[in-house]
Amino acid sequence: MNVFTDYAETHWVPINGDMVTVQTVDATGRRETHVLSVPDALAQFKVKYPFVDDAQAAALFAQGG
């Protein structure tokens, strides 16, 4: 499952350099929280936003969104 493509809305918060918490909202408004490794989250993010290069994606993840 790709949390960035399978849910209507996603927000992520970096935990540390290795992990990120991703909060999702589906089309019905149900919220879930997922904990992903940074590489996994970046890979999922890149599937939804293929035009974002690795450096841009890493910078975005460092900020949270």
Side-chain angles (χ1 to χ4, degrees):
M1 176 175 63
N2 183 326
V3 298
F4 292 96
T5 57
D6 294 347
Y7 292 90
E9 208 180 306
T10 59
H11 305 279
W12 65 91
V13 179
I15 299 173
N16 53 38
D18 301 318
M19 302 297 290
V20 64
T21 299
V22 182
Q23 292 183 323
T24 59
V25 182
D26 68 14
T28 64
R30 193 177 58 141
R31 295 177 178 272
E32 289 187 7
T33 300
H34 314 266
V35 178
L36 302 172
S37 69
V38 169
D40 191 25
L42 281 170
Q44 291 190 25
F45 184 82
K46 292 275 295 180
V47 169
K48 184 167 184 176
Y49 303 104
F51 51 86
V52 176
D53 68 30
D54 290 340
Q56 290 172 316
L60 286 169
F61 264 81
Q63 298 169 20

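Quick note: residue numbers are just sequence positions, from 1.
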- Can you say whether the rings of Y49 and F45 are parallel (under 30°), tilted (30 to 60°) or perpendicular (over 60°)?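 Answer is tilted, since the angle falls between 30° and 60°.
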- Do L42 and F61 have side chains that get closer than 4.5 Å, going by heavy atoms?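 Heavy-atom side-chain distance check passes, below 4.5 Å.
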- Note on the structure: Heavy-atom nearest pair, M1 first then Y7, reads SD-OH, 3.6 Å
- salt bridge (Lys or Arg N to Asp or Glu O under 4.0 Å) against K46, all qualifying residues, sequence neighbours excluded: D54
- Item | All side chain to side chain donor-acceptor pair (under 3.5 Å) counterparts of N2, not counting sequence neighbours |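 In terms of side chain to side chain donor-acceptor pair (under 3.5 Å), with neighbours along the sequence ignored, N2 is linked to no residue.
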- Message: By the side-chain hydrogen bond (donor to acceptor under 3.5 Å, both in side chains) test, which pairs, at least two apart or in different chains, include something from residues 10-22?
- Response: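 Non-adjacent pairs meeting side-chain hydrogen bond (donor to acceptor under 3.5 Å, both in side chains): E9-H11.
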- Item | Any donor-acceptor pair under 3.5 Å from Q56 side chain to D53 backbone | yes
- Task: May I ask you to decide if T5's main-chain N or O and K48's side chain share a donor-acceptor pair within less than 3.5 Å?
- Result: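 Checking the backbone N and O of T5 against the side chain of K48, no donor-acceptor pair under 3.5 Å is found.
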- Message: Going by side-chain contact (heavy atoms from CB on, under 4.5 Å), name the residues that satisfy it together with A62, two or more places apart in sequence or in a different chain.
- Response: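 Checked A62 against side-chain contact (heavy atoms from CB on, under 4.5 Å); zero matches.
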- For M19, what are the other residues in its hydrophobic cluster, where any two members join if their side-chain heavy atoms are less than 4.5 angstrom apart?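 Besides M19, the hydrophobic cluster comprises I15, V35, listed by chain and residue number.
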Would you be so kind as to tabulate the donor-acceptor pairs closer than 3.5 Å made by side chains of residues 22-30, with sequence neighbours excluded?
residue, atom, partner, partner atom, Å
T24, OG1, E32, O, 3.4
T24, OG1, H34, NE2, 3.0
D26, OD1, T28, N, 2.9
D26, OD1, T28, OG1, 2.7
D26, OD1, G29, N, 3.0
D26, OD1, R30, N, 2.9
D26, OD2, T28, OG1, 3.4
D26, OD2, R30, NE, 3.3
R30, NH2, E32, OE2, 3.1

